[in-house]
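Data first, discussion second: the structure below is written as structure tokens.
Atoms within a ligand are numbered from 1 in the order they appear, just like the ligands themselves. What you see is a predicted model, and the numbers here were worked out from it, not measured in a lab.
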Amino acid sequence: MSTSSAALVEVEAHKARVCSLLGTTPVERRGLADCLDLVLAEELLSPVALPPFDNSAMDGYAVHSGELAGASPEAPVELLVAEDIPAGRTDELSLLGGTAHRIMTGAPVPTGADAVVQVEWTDGGMPRVRVHREVKAGMNIRRGGEDVLAGTRVLAAGSVLGAAELGLAAAVGVSALPVFRPPRVLVLSTGSELVEPGRALRHGEIYESNGIMLATAVRQAGGQPELLRFVPDDVDAFHAALAPHLSTVDLVLTSGGVSAGAYEVVKDALSGHGVEFTKVAMQPGMPQGAGWYRGVPVVSLPGNPVSALVSFEVFLRPALLAARGAVDTERPRLTARLVEGLRAPAGRRQFRRGRYDATTGLVAMAGGPGSHLLSAMAQANCLIDVPEEVTELAAGDPVTVLLTR
Ligand SMILES: Nc1nc2c(c(=O)[nH]1)N[C@H]1C(S)=C(S)[C@@H](COP(=O)(O)OP(=O)(O)OC[C@H]3O[C@@H](n4cnc5c(N)ncnc54)[C@H](O)[C@@H]3O)O[C@H]1N2
Ligand code: MOO
């Protein structure tokens, strides 16, 4: 580490600190419809076999395959159709010699039948059917247990529940699953210059944007945000805004008011109460706060919008994913080649916004390094991770990128 970064906390150390603030959230049983994207807390063993019984893969006729030997269009085999078996018929049937049962896809195959001949290979007749092709034993029968054996594991603990996983749970007859509750995050922006979007601005005012941005990032990381919008740079107002929510949230996430100015509301309100404010060897996102306030974990991000969102990516996204039980908490990383050169400050790990092109393996810069350049961030699909000791890179140099979308 260079002398200029001697007083700074390393990115990985701050990341570990933020992660350590949040344990995993409590496990609760939820109906399948409320489980999308949640993480399964325990493995799921199937109470049943899948399919639960031998059933037909085609609409046609259940037969003894041996009775159709030599069947052809010129010499069809004629069978008496004894039963009609639609899907959902629950009585147990058997097939006598010289007969067939008409059967539909998904219906139980009668005992004694060893194949289903599809209706297209017959004249479709009732109550007699003429079959004009041979079938092999086993044809068009889906065997019970072929997909899942009763008692075996169908979902591992840690599975992220999507359409296929939830469909599988329902298919084995399970209606609710044990999942980690999404972490509840109070999102609070600070700044006397902030105005709610939709209102007129006076000189010196700006629209508040970190609130919706961070609340959305929380939701994308699988958390449940509660957006308090913003409070002015006033310590009493800050405490008053926070107090009613402390008993119901897993994390307080603030933005703004953490650097070195005369009105740093978050720093002033929380320093000395368990939240530590430090400078991290990172650009953007140097001033950071983390700790506990009245028993609740607090993470305080810098106010500059790009600093706030990059800090979220680097520190909070992995922490929130870990809190909700996810095994894979990191963005995909890969090596790309720079379209153009860049400069980075010595002793600070720089996260530049980039556009990665998977077909060429090249990454172009999305805007400059300024932490106020939010429109460039909206153009980006990755962060270019430039190590602390690197101060200059040329076009064509390899860099590590984190794919953010
Ligand atoms: N003397 C120093 N000044 C600054 C330092 C420093 O080390 N010494 N650090 C700079 C860095 S780096 C950053 S990052 C910022 C962080 O400042 P704060 O966290 O105190 O944030 P604010 O001053 O409240 O705001 C910074 C910037 O962002 C705008 N902002 C804030 N909140 C929102 C919001 N919710 N929506 C939209 N925009 C927001 C705010 O208007 C400011 O322009 O400090 C540097 N200064
Ligand atoms: O670190 Mo600040 O976050 O560069 O703008």
Side-chain angles (χ1 to χ4, degrees), residues 4-11 14-15 185-199 201-218 225 227-235 237-238 241 252-271 275-290 298-316 342-353 367-378 383-386 388:
S4 65
S5 64
L8 305 185
V9 176
E10 286 196 0
V11 168
H14 190 70
K15 183 174 171 181
V185 183
L186 182 75
V187 178
L188 179 55
S189 304
T190 61
S192 295
E193 73 280 28
L194 304 177
V195 171
E196 195 176 339
R199 300 222 174 148
L201 288 181
R202 293 179 300 188
H203 180 67
E205 294 178 331
I206 60 162
Y207 288 121
E208 197 281 314
S209 59
N210 287 354
I212 184 67
M213 181 178 74
L214 292 172
T216 304
V218 166
L227 178 53
L228 259 195
R229 289 227 81 102
F230 52 97
V231 293
D233 294 322
D234 178 292
V235 169
F238 179 82
V252 172
L253 175 59
T254 68
S255 70
V258 299
S259 59
Y263 310 98
E264 304 296 7
V265 62
V266 177
K267 204 174 184 178
D268 294 346
L270 300 179
S271 288
V275 182
E276 219 179 292
F277 292 87
T278 45
K279 287 190 174 187
V280 176
M282 167 164 154
Q283 187 199 48
M286 184 170 66
Q288 300 283 342
V298 177
V299 173
S300 295
L301 304 180
N304 278 318
V306 174
S307 312
L309 194 52
V310 169
S311 304
F312 183 94
E313 268 295 326
V314 174
F315 304 124
L316 260 163
L342 63 78
R343 285 174 182 280
R348 287 172 74 182
R349 191 159 151 193
Q350 196 188 44
F351 290 93
R352 288 288 291 270
R353 280 65 67 200
S371 53
H372 57 298
L373 304 171
L374 191 54
S375 73
M377 181 114 201
L383 292 176
I384 304 168
D385 184 353
V386 184
E388 288 178 23

Flag [X] as yes when one of its N or O atoms lies below 3.5 Å from any N or O atom of ligand 1, and as no otherwise.
{"X": "Asn304", "result": "yes"}
{"X": "Pro287", "result": "no"}
{"X": "Val258", "result": "yes"}
{"X": "Ser371", "result": "no"}

Legend entry - For Pro287, all residues meeting side chain to side chain contact (heavy atoms under 4.5 Å, CB included), sequence neighbours excluded: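 Pro287 satisfies side chain to side chain contact (heavy atoms under 4.5 Å, CB included) with Val258, Ser259, Pro302 only.
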Inset, instruction - Would you please name every residue forming a side chain to side chain contact (heavy atoms under 4.5 Å, CB included) with Leu373, sequence neighbours left out? - result: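 Only Ala376 meet the side chain to side chain contact (heavy atoms under 4.5 Å, CB included) criterion with Leu373.
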Inset, instruction - Would you indicate whether the side-chain heavy atoms of Gln350 and Ile384 approach each other to under 4.5 Å? - result: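 No, their side chains stay 4.5 Å or more apart.
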Contact between ligand 1 and [X] is defined here as a heavy atom of the residue under 4.0 Å from a ligand atom; is it met?
{"X": "His372", "result": "no"}
{"X": "Pro284", "result": "no"}
{"X": "Ser209", "result": "yes"}
{"X": "Thr190", "result": "yes"}
{"X": "Gly191", "result": "no"}

Inset, instruction - Could you tell me whether Phe230 approaches ligand 1 through its side chain, its backbone, both or neither, with non-hydrogen atoms closer than 4.0 Å? - result: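 Neither; nothing of Phe230 gets under 4.0 Å from ligand 1.
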Inset, instruction - Could you see which bit of Ala260 sits under 4.0 Å from ligand 1, with heavy atoms only: side chain, backbone, both or neither? - result: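 Under 4.0 Å from ligand 1, Ala260 contributes side-chain atoms alone.
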Legend entry - Whether Asp268 side chain and Val235 backbone form a donor-acceptor pair below 3.5 Å: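 No: the side chain of Asp268 does not pair with the backbone of Val235.
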Inset, instruction - Using the test ring pair (Phe, Tyr, Trp, His ring centres under 6.0 Å), find all partners of Phe351 that sit at least two apart in sequence or belong to another chain. - result: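 With sequence neighbours excluded, Phe351 shows a ring pair (Phe, Tyr, Trp, His ring centres under 6.0 Å) to no residue whatsoever.
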Are there any protein N or O atoms under 3.5 Å from the N or O atoms of ligand 2? List them with distances, or say none.
from	atom 1	to	atom 2	distance (Å)
ligand 2	1 (O)	Gly285	N	2.7
ligand 2	1 (O)	Met286	N	2.8
ligand 2	3 (O)	Gly285	N	2.4
ligand 2	3 (O)	Ser307	OG	2.5
ligand 2	5 (O)	Asn304	ND2	3.4
ligand 2	5 (O)	Ser307	OG	3.1
ligand 2	5 (O)	Ser371	OG	2.4

Inset, instruction - Please report which non-hydrogen protein atom sits nearest to atom 25 (O) of ligand 1, along with the residue it belongs to and the distance in Å to one decimal place. - result: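 Residue, atom and distance for the closest contact: Gly303 CA, 3.9 Å.
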